[in-house]
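Fair warning: this is a prediction, and the values are worked out from it, not measured in the lab. Per chain, numbering begins at 1; letters A, B, ... match sequence-line order.
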Amino acid sequence: MVEKTKKIGWDRSEMAEKVAIDIPDGSYVNLGIGIPELVADFVPKGRELIYQTENGLLGMGAIPEKENEDRELVNAGKKCVTAIKGASYFHHADSFTMIRGGHIDVCVLGAMQVSEKGDLANWSTGAKNAIPAVGGAMDLTAGVPRILVITQHVTKKGDLKIIEECTFPLTGKQIVETIYTDLAIIDVKKDGLYVREMAPNVDSVYLQERTGVKLKFGI
Amino acid sequence: MINKIIDSVAEAISAVKDGSTVMIGGFGEAGSPIELIHALIDHGAKDLTVVSNNTGSGNVGLAALIANRQVKKMICSFPRTANSTVFPELYTAGEIELELVPQGTLAERIRAGGAGIPAFYTATSVNTPLAEGKEARVFNGVEYVMEYGLVADVALVKSEKADRYGNLLYHATARNFGPIMCTAAKNTIVQTKKIVEAGAIDPEIVVTPGIFVNGVIEINNPAHESELVAAELHYPW
């Protein structure tokens with residue numbers, strides 16, 4: 001009998017679904033570029049979430065079929081999207097009035113690093129030859145009350161991303177509420193990082209080995 | 001009689017001088033006034049400071065303007081995108097300046113500039129390297145940094161419809177920076193897909209009132225930047 005390799009952790013879609021489950025009905029939600037975009041695919045039954053994309057659309061809908069693409073109807077990642085019935089378009093100053101003015105309820109962002117205190121770094125490695133690109137990330141962390149982070153637990157090279165202090169330049173300080181990774185869901189609290197749920201075939205030893213902060217389990 | 005309609009792109013772009021600050025609308029390709037940018041390349045004005053969210057892609061539009069060495073400094077929020085190589089290469093070589101501004105701060109600086117507000121406070125960038133050197137102040141226990149309003153000599157904007165007064169409508173997310181840039185420049189030039197009779201745009205739905213616009217030129221079949229990039233075209237052709 002051939003032994004099957006056990007799948008460890010959640011894939012990107014499963015991670016996105018975990019995030020969606022934690023967003024309450026009726027929320028206005030901004031999704032960052034990359035894995036956060038997948039969250040839009042998983043609105044739990046019976047809930048209505050309104051997605052804002054900071055380039056100027058409230059009520060962002062599904063990805064269109066190729067033949068229905070409109071190059072002037074795009075999301076923050078410059079990918080073609082659609083507008084739902086009841087959507088609205090607006091200019092950038094109004095868009096960031098929604099964001100900085102505290103009108104958006106939840107924002108889901110990607111991360112390069114997250115610290116024990118909920119600091120987020122996601123715009124630059126700070127390397128001398130890097131081209132820094134910040135986009136709207138700092139406005140979102142400054143203005144949206146709930147910041148959820150969705151990210152692989154470690155980098156492709158195996159470098160730790162959840163660490164005591166971010167070594168990359170910060171996007172925002174003490175702003176992350178929960179970290180959703182391929183291995184676990186981790187809540188950031190004043191006295192540390194609390195593991196709320198672990199992915200299939202992940203145990204506390206495996207998780208702790210891949211985390212630069214002493215995690216709290218089973219509380 | 002007021003008639004802001006201009007017949008040639010060369011005439012439209014003649015307001016740009018060496019050393020001008022030019023705001024260019026668009027979020028990537030959406031809303032980028034590519035025919036006006038190409039006219040600016042033909043025009044040849046140098047030492048420009050360009051305010052635009054990105055730095056263009058491929059070798060057309062804004063990327064071609066930068067490649068033609070007409071831009072001394074970029075003020076933008078996201079200077080790298082898929083297919084953008086021109087700006088990163090010049091920046092890495094130290095041959096172009098960059099003022100990196102968070103996207104919402106960029107928008108508000110333009111809005112403030114257009115509204116006659118010289119500076120404002122925002123919480124965006126507090127506790128990050130982008131706040132370094134900025135005046136900080138605490139209001140109601142929260143820290144903010146001061147940011148300056150931005151104005152320009154010329155704004156280049158793309159719209160969907162316009163009339164001879166300069167009233168504008170936009171299309172979908174191509175609106176992005178257009179309405180605020182129109183307010184912040186001494187001379188706002190708009191390329192529009194369709195010029196309509198005055199009165200044909202319902203006053204209730206005008207997005208940019210004509211007072212903010214100086215010139216309108218009809219380009220009824222504008223190029224799609226992504227198609228030019230996919231075809232690996234370079235401007236000048």
Side-chain angles (χ1 to χ4, degrees), chain A residues 33 53-58 60 69-83 87-102 119-121 123-124 126 128-143 166 168-175, chain B residues 27-31 53-55 57 76-82 84 87-88 91-92 98 100-112 114-115 122-131 144 158 160 170-183 207-208 224-227:
Chain A
I33 301 170
T53 181
E54 64 263 28
N55 53 309
L57 166 61
L58 187 67
M60 177 172 61
E69 283 185 353
D70 175 350
R71 293 302 315 165
E72 294 195 325
L73 177 43
V74 295
N75 67 11
K78 305 186 176 74
K79 295 190 189 77
C80 289
V81 293
T82 52
S88 55
Y89 298 118
F90 35 83
H91 62 64
H92 255 67
D94 280 352
S95 179
F96 284 90
T97 293
M98 294 176 195
I99 290 167
R100 211 191 302 95
D119 299 348
L120 172 67
W123 66 283
S124 172
K128 269 216 153 55
N129 59 353
I131 313 287
V134 65
M138 287 183 185
D139 306 283
L140 288 158
T141 55
C166 296
F168 296 157
L170 292 188
T171 307
K173 203 173 167 72
Q174 296 182 23
I175 40 88
Chain B
F27 181 83
E29 134 175 66
N53 191 61
N54 307 103
T55 60
S57 60
C76 71
S77 88
F78 210 87
R80 55 177 153 79
T81 318
S84 80
F87 178 86
Y91 179 75
T92 305
L98 170 65
L100 188 74
V101 183
Q103 199 172 331
T105 297
L106 182 63
E108 190 62 13
R109 288 181 66 189
I110 296 165
R111 195 201 68 80
T122 176
T124 301
S125 89
V126 168
N127 290 316
T128 80
L130 295 188
Y144 296 84
K158 183 183 184 187
E160 186 74 4
Y170 300 84
H171 174 63
T173 58
R175 183 181 307 197
N176 56 66
F177 285 90
I180 50 175
M181 286 182 170
C182 284
T183 69
V207 176
T208 292
H224 293 281
E225 185 184 284
S226 54
E227 289 172 12

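- Scanning all heavy atoms of the two residues, the minimum distance from A/L170 to B/P129 falls at O-CD, 3.9 Å.
- Chosen from B/P79, B/A123, B/G28, B/G178, the residue pairing most often with chain A at heavy-atom distances under 4.5 Å is B/P79.
- Looking at A/L73, both its backbone and its side chain come within 4.5 Å of chain B, counting heavy atoms on both sides.
- For the pair A/W123 and B/L100, the tightest heavy-atom approach, listed with the atom from each and the gap, is CZ3-CD2, 3.6 Å.
- Contact detail for B/A30 and A/E72: the closest heavy-atom pair is CB-CA, 3.9 Å.
- A/Y89 touches chain B through backbone and side chain together, each having a heavy atom under 4.5 Å away.
- Neither the backbone nor the side chain of B/V126 comes within less than 4.5 Å of any heavy atom in chain A.
- Every residue two or more places apart in sequence or in another chain that forms a side chain to side chain contact (heavy atoms under 4.5 Å, CB included) with A/D94 is listed here: A/F90, A/H91.
- B/T173 places a side-chain N or O within 3.5 Å of a backbone atom of A/V74 that can act as its donor or acceptor partner.
- Side-chain contact annotation: A/D70 with B/H171, donor-acceptor N/O pair under 3.5 Å present.
- Relative ring orientation between A/H92 and B/F27 is described as tilted, the plane-to-plane angle lying within the 30° to 60° band.
- B/L98 is listed as a side-chain neighbour of A/P132, based on a closest heavy-atom distance under 4.5 Å.
- Chosen from A/A76, A/A137, A/A83, A/A87, the residue pairing most often with chain B at heavy-atom distances under 4.5 Å is A/A76.
- B/L106 does not touch chain A: none of its heavy atoms, backbone or side chain, sits under 4.5 Å away.
- Of the possible donor and acceptor atoms, none in the side chain of A/R100 sits under 3.5 Å from a partner among the backbone N and O of B/T122.
- Nearest heavy atom pair, residue A/A130 against residue B/Y91, reads O-CE2, 4.2 Å.
- For the residue pair A/V134 and B/P102, the shortest heavy atom distance occurs at CG1-CA, 3.7 Å.
- Taken to the nearest 0.5 Å, the OG1 atom of B/T81 stands 11.5 Å off from the CD1 atom of A/I131.
- In this structure, CG in A/L57 is found 12.0 Å from CG in B/N176, a value given to the nearest 0.5 Å.
- When every heavy atom of A/D139 is checked against every heavy atom of B/Q103, the shortest pair comes out as OD2-N, 3.4 Å.
- In terms of the side chain to side chain contact (heavy atoms under 4.5 Å, CB included) criterion, residue partners of B/E227 (sequence neighbours excluded) are, by chain and number, B/H224.
- Proximity to chain A (any heavy atom under 4.5 Å) is shown, for B/S125, by both the backbone and the side chain.
- For a residue to count as touching a neighbouring chain, one of its non-hydrogen atoms must lie under 4.5 Å from one of that chain's; by this rule A/S88 does not touch chain B.
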